[in-house]
**Student:** 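Have a look at this one.
Each residue takes its place number in the sequence, starting with 1.
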Amino acid sequence: RSGEMAKLTQLIDNEVFWAYATYTTIVLLKMMLMSLITAYFRITRKAFVNPEDTASFGKGENAKKYLRTDPDVERVRRGHLNDLENIVPFLGIGLLYALSGPELYTALLHFRIFAGARITHTFAYLIPLPQPSRGLSWAAGYAVTISMAYKVLKTALYL
């Protein structure tokens, strides 16, 4: 039992783990912000998907015109979906990577590039910036996750 507590204490004192926690928090907050931006665009564009969301605009046919898609709302939603497709794998692989014993400098490089790439990707999606800015930012974040996965598999190969 005391051996398990010692391992937990080592994790709490692990700088790489805290770096992971820091950058995970940053990208999760950024992803949560996408929900608020989606809501903002829905309200300002008056483009809703649920009938109950249109209640403040009237009833019947008058309210039905607000049940529609809007290109700006859909753009934000696609950016948010892309976050889900990339940040969720980063969470799992990044944790395993942090626990695999990388050097702090290398781990920080991975985490910072990923966070920077996701933030850049969001700006590239929302502004929108010309391609290949969005594609390159996506590729940079994806490459970081693959790099961490490779390190995890190389360190603890139990295949």
Side-chain angles (χ1 to χ4, degrees), residues 4-50 53 68-159:
E4 291 174 25
M5 291 304 287
K7 290 177 186 176
L8 181 59
T9 303
Q10 288 172 345
L11 181 61
I12 291 171
D13 291 335
N14 185 329
E15 289 181 301
V16 173
F17 175 77
W18 286 110
Y20 164 78
T22 299
Y23 287 95
T24 294
T25 301
I26 290 168
V27 295
L28 287 174
L29 285 171
K30 190 216 78 61
M31 190 167 70
M32 290 171 63
L33 180 62
M34 293 299 285
S35 295
L36 296 175
I37 294 171
T38 302
Y40 170 79
F41 274 87
R42 282 201 184 285
I43 292 166
T44 59
R45 305 305 192 267
K46 295 182 178 140
F48 303 99
V49 292
N50 299 308
D53 297 337
R68 61 187 183 86
T69 59
D70 178 85
D72 294 331
V73 173
E74 293 308 308
R75 177 171 279 280
V76 177
R77 290 184 68 234
R78 286 191 305 273
H80 193 187
L81 180 60
N82 193 277
D83 274 351
L84 289 168
E85 293 168 350
N86 289 274
I87 292 174
V88 170
F90 169 81
L91 298 177
I93 291 171
L95 177 60
L96 296 174
Y97 173 75
L99 298 175
S100 71
E103 293 294 321
L104 177 61
Y105 173 81
T106 306
L108 281 169
L109 189 63
H110 279 88
F111 301 153
R112 287 174 177 162
I113 291 172
F114 183 84
R118 292 313 307 168
I119 291 167
T120 302
H121 184 270
T122 296
F123 281 116
Y125 229 125
L126 295 181
I127 289 176
L129 297 176
Q131 282 288 33
S133 58
R134 192 178 78 238
L136 290 174
S137 59
W138 171 85
Y142 201 81
V144 165
T145 304
I146 295 296
S147 174
M148 291 187 303
Y150 174 77
K151 165 72 165 132
V152 169
L153 290 174
K154 185 179 167 194
T155 301
L157 197 59
Y158 286 103
L159 298 176

**Student:** Report the C-alpha separation of R112 and Y23 in whole Å, then their side-chain angles, then the decisive distance to 0.1 Å, and conclude whether the side-chain hydrogen bond (donor to acceptor under 3.5 Å, both in side chains) test is met.
**Tutor:** CA-CA 7 Å; R112 287 174 177 162; Y23 287 95; 2.9 Å; yes
**Student:** Check whether N14 reaches the backbone of F17 with its side chain - one donor and one acceptor, N or O, closer than 3.5 Å.
**Tutor:** yes
**Student:** Just so I know, are the side chains of S133 and T120 near enough to count as touching, which here means a heavy-atom distance under 4.5 Å?
**Tutor:** no
**Student:** Got a second to check how far I113's CD1 is from S147's OG, nearest 0.5 Å?
**Tutor:** 8.5 Å
**Student:** Looking only at heavy atoms, what is the nearest atom pair of V27 and I87, with distance?
**Tutor:** O-CD1, 3.6 Å
**Student:** Hey, are the side chains of M148 and F111 touching, using non-hydrogen atoms and a 4.5 Å cut-off?
**Tutor:** yes
**Student:** Might you point out which heavy atoms bring A47 and T69 nearest each other, and give the distance in Å?
**Tutor:** CB-C, 4.5 Å
**Student:** Provide the full list of side-chain hydrogen bond (donor to acceptor under 3.5 Å, both in side chains) pairs with a residue in residues 24-33, sequence neighbours left out, each pair given once.
**Tutor:** K30-D83, K30-T122
**Student:** Taking E74 for the side chain and R78 for the main chain, is one N or O donor matched with an acceptor at less than 3.5 Å?
**Tutor:** no
**Student:** Does some side-chain heavy atom of V16 sit less than 4.5 Å from a side-chain heavy atom of L99?
**Tutor:** no
**Student:** Heavy atoms only: give me the nearest L28-L91 pair and the separation to one decimal.
**Tutor:** CD2-CD1, 3.9 Å
**Student:** Could you state the interatomic distance from CD1 (I37) to CE (M32), rounded to the nearest 0.5 Å?
**Tutor:** 12.5 Å
**Student:** How close do A149 and I93 get, heavy atom to heavy atom, and via which atoms?
**Tutor:** N-CG2, 3.5 Å
**Student:** List the steps and the verdict of side chain to side chain contact (heavy atoms under 4.5 Å, CB included) for Y97 and T106.
**Tutor:** CA-CA 11 Å; Y97 173 75; T106 306; 3.5 Å; yes
**Student:** Under the ring pair (Phe, Tyr, Trp, His ring centres under 6.0 Å) test, which residues partner Y150, sequence neighbours left out?
**Tutor:** none
**Student:** Taking side-chain hydrogen bond (donor to acceptor under 3.5 Å, both in side chains) as the cut-off, I'd like each qualifying pair that reaches into residues 31-46, sequence neighbours left out, listed once.
**Tutor:** R45-D72
**Student:** Going by the rule ring pair (Phe, Tyr, Trp, His ring centres under 6.0 Å), which residues pair with F114 if we only count those two or more places apart in sequence or in a different chain?
**Tutor:** F90
**Student:** Out of the candidates R134, R118, M31, M34, only one should pair with N82 under the side chain to side chain contact (heavy atoms under 4.5 Å, CB included) rule; please name it.
**Tutor:** R118
**Student:** Should we say atom CD of Q131 is surrounded by more than 12 heavy atoms from elsewhere, each under 6.0 Å from it?
**Tutor:** yes
**Student:** Looking only at side chains, do K151 and T155 share a donor and an acceptor under 3.5 Å apart?
**Tutor:** yes
**Student:** Calculate, to the nearest 0.5 Å, the distance between atoms OH and OG belonging to Y125 and S137 respectively.
**Tutor:** 10.5 Å
**Student:** Output all residues satisfying side-chain contact (heavy atoms from CB on, under 4.5 Å) with A117, sequence neighbours left out; order by chain, then residue number.
**Tutor:** A140
**Student:** Could you pull out all residues at least two apart from F48 that satisfy ring pair (Phe, Tyr, Trp, His ring centres under 6.0 Å)?
**Tutor:** F57
